[in-house]
Amino acid sequence: MVGLKPSDVPPPLGVKMASAGAAACIADVVTFPLDTAKVRLQIQGEKQAVGGIRYRGVFGTISTMVRTEGPKSLYNGLVAGLQRQLCFASIRIGLYDNVKNFYTGGKENPGVLMRILAGCTTGAMAVSFAQPTDVVKVRFQAQMNLNSVARRYNGTMQAYRQIFLNEGLRGLWKGTLPNITRNALVNCTELVTYDLIKEAILRHKLLSDNLPCHFVSAFGAGFVTTVIASPVDVVKTRYMNSPPGQYRSAINCAWTMMTKEGPTAFYKGFMPSFLRLGSWNVVMFVSFEQIKRAMMMSRRIEAPN
């Protein structure tokens, strides 16, 4: 994976994809409340506050949700989130090195442009497969668990079925364009920044290829990615969560935000986005490196002499 030394034997594609999917699920379980808080803050402002409830800040949003809806509300949409990571992360992260090698012809130390191209490619590919899971996840995170508020969906499979029946296939793939844009940005920024930071640390012998190195690289990648991807992420969240007819397109959604709420609307939920993406990156990359190494060691032990 990212940052492997030339002397290392690259793990097989199946190992990388399985490791990426498992690590992403672990990271999602750990950071899901932050993601839910981010979604609530991002959609705030497009409609009247329900029951007079308004969210202020990351931890204020979390505490308000726990107080008004109960602790389980922080994990609304977790099942769809895990489904998303199993097919999403395994493609965008697991295929990254292979696509990068394809574009460069297997050359060592590829340039930044080739890394960016590989990240954009796997990010776009992943969205094509995982978009319905993302739509369901966002809608579950956005709906409030209040007795006075009608719930849009009562279960994950019921949500897929209801969206398909009411909105067709287009409903399940709603917001694909902004999501492809967002995930191409996130993927190339996240993986390329992690790649470059880790390589620089190892090249200057600041740390060895171990957990502290992975932590620093992942945290740096999370911050850079949040700054670049937040505007597209807010538009994606609002558009995917919107009922039919509220916005004509993702561009119309962005224009409505700009004219009604101003440019700061594009950075709503920035702090939970950073806390979530930074912590998600740390948990995911550290888990990914360890799971991948454990799987490689297991393969060596099981291999005949």
Side-chain angles (χ1 to χ4, degrees), residues 17 20-21 24-25 28-29 32 35-36 38-40 42-44 46-47 50 65 69 72-95 121-187 229 232-257 269:
M17 293 185 71
C25 286
D28 243 31
V29 170
F32 208 78
D35 192 40
T36 303
K38 178 201 74 171
V39 168
R40 292 293 180 94
Q42 286 177 336
I43 65 172
Q44 183 166 260
E46 68 177 359
K47 53 188 175 182
V50 178
M65 289 181 65
E69 303 173 56
K72 287 178 65 176
S73 65
L74 298 174
Y75 283 90
N76 277 355
L78 178 62
V79 173
L82 296 179
Q83 292 171 347
R84 173 180 179 269
Q85 292 302 348
L86 283 173
C87 54
F88 184 73
S90 59
I91 294 172
R92 77 176 184 92
I93 298 170
L95 283 178
T121 301
T122 58
M125 288 171 60
V127 170
S128 301
F129 287 98
Q131 181 67 10
T133 62
D134 209 4
V135 172
V136 172
K137 178 185 80 79
V138 165
R139 292 193 182 187
F140 262 105
Q141 289 176 310
Q143 77 176 7
M144 303 182 75
N145 297 338
L146 296 174
N147 293 330
S148 59
V149 180
R151 293 171 61 85
R152 290 173 85 178
Y153 312 109
N154 296 312
T156 305
M157 299 312 296
Q158 183 256 349
Y160 286 118
R161 185 169 58 253
Q162 188 170 323
I163 292 171
F164 174 73
L165 292 175
N166 294 341
E167 303 173 46
L169 280 175
R170 291 182 63 181
L172 288 171
W173 266 267
K174 187 173 187 177
T176 300
L177 182 58
N179 209 14
I180 285 177
T181 305
R182 184 254 181 195
N183 282 293
L185 281 172
V186 166
N187 204 44
V232 181
D233 190 34
V234 175
V235 173
K236 177 214 76 163
T237 298
R238 288 199 178 188
Y239 187 60
M240 287 198 306
N241 183 60
S242 64
Q246 183 172 354
Y247 303 114
R248 292 191 302 275
S249 64
I251 294 174
N252 174 249
C253 177
W255 178 251
T256 303
M257 287 171 57

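Both backbone and side-chain heavy atoms feed into the values below; hydrogens, waters and symmetry mates do not. Position 1 is the first residue of the sequence, and the numbers go up from there. This is a predicted model, so every value here is computed, not measured.
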Point to revise | Heavy-atom side-chain contact between V29 and L82 under 4.5 Å | key: yes
Check your understanding: What pair of heavy atoms forms the shortest contact from A20 to G94, and how long is it?
Key -> CB-N, 3.9 Å
Check your understanding: With distance as the sole test, does Y160 use its side chain to make a donor-acceptor pair with the main-chain N or O of L172 at under 3.5 Å?
Key -> no
Revision key, fill the gap. Between the CD atom in Q162 and the CD atom in E167, the distance rounded to the nearest 0.5 Å is 9.0 Å
**Study point:** Distance (rounded to the nearest 0.5 Å) between Q141 CD and M240 CE
**Key:** 9.0 Å
Review point. Judged by atom type as modelled, is there a donor-acceptor pair below 3.5 Å linking the side chain of W173 to the main-chain atoms of S128?
Key: yes
Practice item. Would you check if the side chain of K174 reaches a backbone N or O of S242 as a donor-acceptor pair within less than 3.5 Å? Key: yes
Point to revise | Set of residues satisfying side-chain contact (heavy atoms from CB on, under 4.5 Å) with respect to I180, sequence neighbours excluded | key: A124, V127, T176
**Study point:** Gap separating the NZ atom of K236 from the SG atom of C253, nearest 0.5 angstrom
**Key:** 12.0 Å
Practice item. Using modelled atom types only, decide if a donor and an acceptor are shared between the side chain of R92 and the backbone of M125 within a distance under 3.5 Å. Key: no
Review point. Quick one: do R84 and D28 make a salt bridge, cutoff under 4.0 Å?
Key: no
Review point. Q143 and N76: side-chain donor and acceptor closer than 3.5 Å?
Key: no
Check your understanding: Taking atom CD of Q85 and atom CD1 of I93, what is their separation to the nearest 0.5 Å?
Key -> 7.5 Å
Check your understanding: Once you round to the nearest 0.5 Å, how far does CG of N179 lie from CG of D233?
Key -> 8.5 Å
